[in-house]
Amino acid sequence: MSRKPYQPSMPADWWLKHPAYRFYMLREATVLPLLFFIGSLLYGLYCLSQGEASWLVWLSWLQQPWVMALNGLALVASLFHAFTFFRLFPQVMPLRVGSRTLPAGWMIAGQWFGVLLVFLALWWLLGAYHVIN
Amino acid sequence: MSLTKRFQRSDEPIWWSLFSAGGVCVAMLIPALIVLLVFGPSLGLLSPDTLSYQRISTLLYHPLGLMFIGAVIILPLFHAMHRIHHGLHDLQWAHSALAKWLCYGSALLLSFLALSLWLLGR
């Protein structure tokens, strides 16, 4: 062991020093507006448990400009998260068909298609599906 | 390093699995849910009566509604608090066992709250 070991310094603003680090931190920050949306859902769950009047209060709260703005930010953040997340899948788990590896672009497109299917299914469930039980 | 060094099992696989599962839910489900719930009424995607108390409570208090809550509240919570835990370390704001347990503890607590509210409303 050397007598004066090298101590690498790590300034707290290290992540501002390189575009890749800033990109990483931006993705980490996507959870901040997400937490606001999760909080909105928890508030909605509470209001639903309190009865109809309270549920209507929540629905109109959701339409307030500042709430819409923050949840709009949460939407952008979730799409950005999805963009980075879907790119990882072909690298982490390449799918093979026979002896060929499925092109990464197809796997990414498939995942976005999944997002679209989920949207249509949820839209159908909320908007069109009237008969339950 | 001696051969008798105690090998301590990491709890990271638990948190990382929840983080990863939450990441899938956030990418797949959250965009659609925000578009429909927040912007659906003003964009005309949903009429006001489709979000009525009767309809939503019938849908959500169905046993499958609990799975829905797991996918859009509980797993995303663990996803978010994992990133916050590591973000606090990255920013050098906090890196301690206490910070870790506050992060995952709050995710656990809020998940418990979501489950209780669901049971309460039923």
Side-chain angles (χ1 to χ4, degrees), chain A residues 10-15 24-25 27-32 34-35 37-42 44-46 48-56 59 62-63 67-68 71-72 74-75 77-79 81-86 111 114-116 118-123 125-130 132-133, chain B residues 20 22-24 26-42 45-62 68-69 72-74 76-77 79-84 86-87 90-93 107 110 113-122:
Chain A
M10 184 73 162
D13 63 346
W14 63 269
W15 55 277
Y24 164 79
M25 277 308 214
R27 192 190 53 184
E28 294 293 285
T30 58
V31 300
L32 298 175
L34 172 68
L35 276 177
F37 180 63
I38 297 174
S40 304
L41 291 181
L42 281 169
L45 204 54
Y46 168 75
L48 192 68
S49 73
Q50 298 300 301
E52 183 159 15
S54 163
W55 174 248
L56 293 174
L59 282 181
L62 215 53
Q63 298 302 313
V67 180
M68 279 184 104
N71 280 329
L75 172 63
S78 67
L79 290 173
H81 159 82
F83 168 72
T84 63
F85 207 72
F86 292 164
Q111 291 174 95
V115 172
L116 184 69
V118 165
F119 173 79
L120 292 175
L122 202 61
W123 192 14
L125 188 69
L126 285 174
Y129 187 58
H130 281 283
I132 304 153
N133 295 332
Chain B
S20 180
V24 173
V26 172
M28 283 288 179
L29 305 174
I30 296 291
L33 191 60
I34 297 181
V35 169
L36 287 169
L37 269 187
V38 179
F39 302 105
S42 40
L45 294 173
L46 298 174
S47 62
D49 62 307
T50 55
L51 292 177
S52 73
Y53 174 75
Q54 282 75 17
R55 290 202 67 231
I56 297 300
S57 48
T58 315
L59 278 171
L60 200 68
Y61 295 136
H62 188 273
F68 183 73
I69 286 171
V72 302
I73 296 181
I74 294 176
L77 263 175
H79 173 81
M81 293 323 289
H82 180 87
R83 278 204 163 151
I84 287 189
H86 286 280
D90 291 336
L91 291 169
Q92 301 183 2
W93 289 0
L110 289 171
L113 177 72
L115 288 177
S116 317
L117 285 173
W118 186 80
L119 285 171
L120 187 77
R122 259 188 125 200

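Atoms considered below: every heavy atom in the structure, side chains included; atoms not considered: hydrogens, waters and symmetry mates.
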### Query
Can you name the nearest heavy-atom pair linking B/M28 to A/G114, along with the distance?
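Closest pair (atom of B/M28, atom of A/G114, distance): SD-C, 4.0 Å.
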### Query
For the residue pair A/S78 and B/P31, what are the closest heavy atoms and their distance?
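Looking at all heavy atoms of both residues, the closest pair is OG-CG, 3.5 Å.
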Minimum side-chain heavy-atom gap [X]-[Y] below 4.5 Å:
X      : Y      : value
B/L33  : A/L41  : yes
B/L120 : A/Q50  : yes
B/L45  : A/F119 : yes
B/V26  : A/F37  : no
A/V118 : B/L29  : yes
A/V31  : B/H82  : no
B/Y53  : A/L56  : no
B/L77  : A/L35  : yes

So which part of [X] gets closer than 4.5 Å to some heavy atom of chain B, the side chain, the backbone, both or neither?
X      : result
A/Y24  : side chain
A/I38  : side chain
A/Q111 : both
A/T30  : side chain
A/E52  : both
A/M25  : side chain

### Message
Does B/H79 form a side-chain contact (heavy atoms from CB on, under 4.5 Å) with A/L34? I'd like the steps, not just the answer.
### Response
CA-CA 10 Å; B/H79 173 81; A/L34 172 68; 4.2 Å; yes
### Message
Would you say OH of A/Y46 has more than 12 non-hydrogen atoms from neighbouring residues, nucleotides or ligands within 6.0 angstrom?
### Response
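At most 12 heavy atoms, drawn from other residues, nucleotides or ligands, come within 6.0 Å of this atom.
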Among [options], which has the most heavy-atom pairs under 4.5 Å with chain A?
options              : answer
B/S57, B/S47, B/G87  : B/S57
B/G40, B/G23, B/S116 : B/G23
B/V35, B/D90, B/L46  : B/D90

#### Entry: Which portion of B/L60 sits near chain A, non-hydrogen atoms under 4.5 angstrom
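It is the side chain, since no backbone atom gets that close.
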### Task
Evaluate the criterion side-chain contact (heavy atoms from CB on, under 4.5 Å) for residue pair B/Q92 and A/W15; output intermediate values, then yes/no.
CA-CA 11 Å; B/Q92 301 183 2; A/W15 55 277; over 6 Å; no
Are the side chain of [X] and the backbone of [Y] linked by a donor-acceptor contact shorter than 3.5 Å?
X      : Y     : value
A/W55  : B/Q54 : no
A/E28  : B/I84 : no
A/W123 : B/A32 : no

### Message
Would you compute the distance between atom CG of A/L125 and atom CZ of B/R55 and round it to the nearest 0.5 angstrom?
### Response
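Between atom CG of A/L125 and atom CZ of B/R55 there are 7.5 Å.
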### Message
Which one wins on heavy-atom pair count under 4.5 Å against chain B: A/L59, A/L62, A/L116, A/L42?
### Response
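Top count of heavy-atom pairs under 4.5 Å with chain B: A/L42.
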### Query
Can you tell which of A/V115, A/L122, A/L48, A/L45 has the highest number of heavy-atom pairs within less than 4.5 Å of chain B?
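Heavy-atom pairs under 4.5 Å are most numerous for A/L48.
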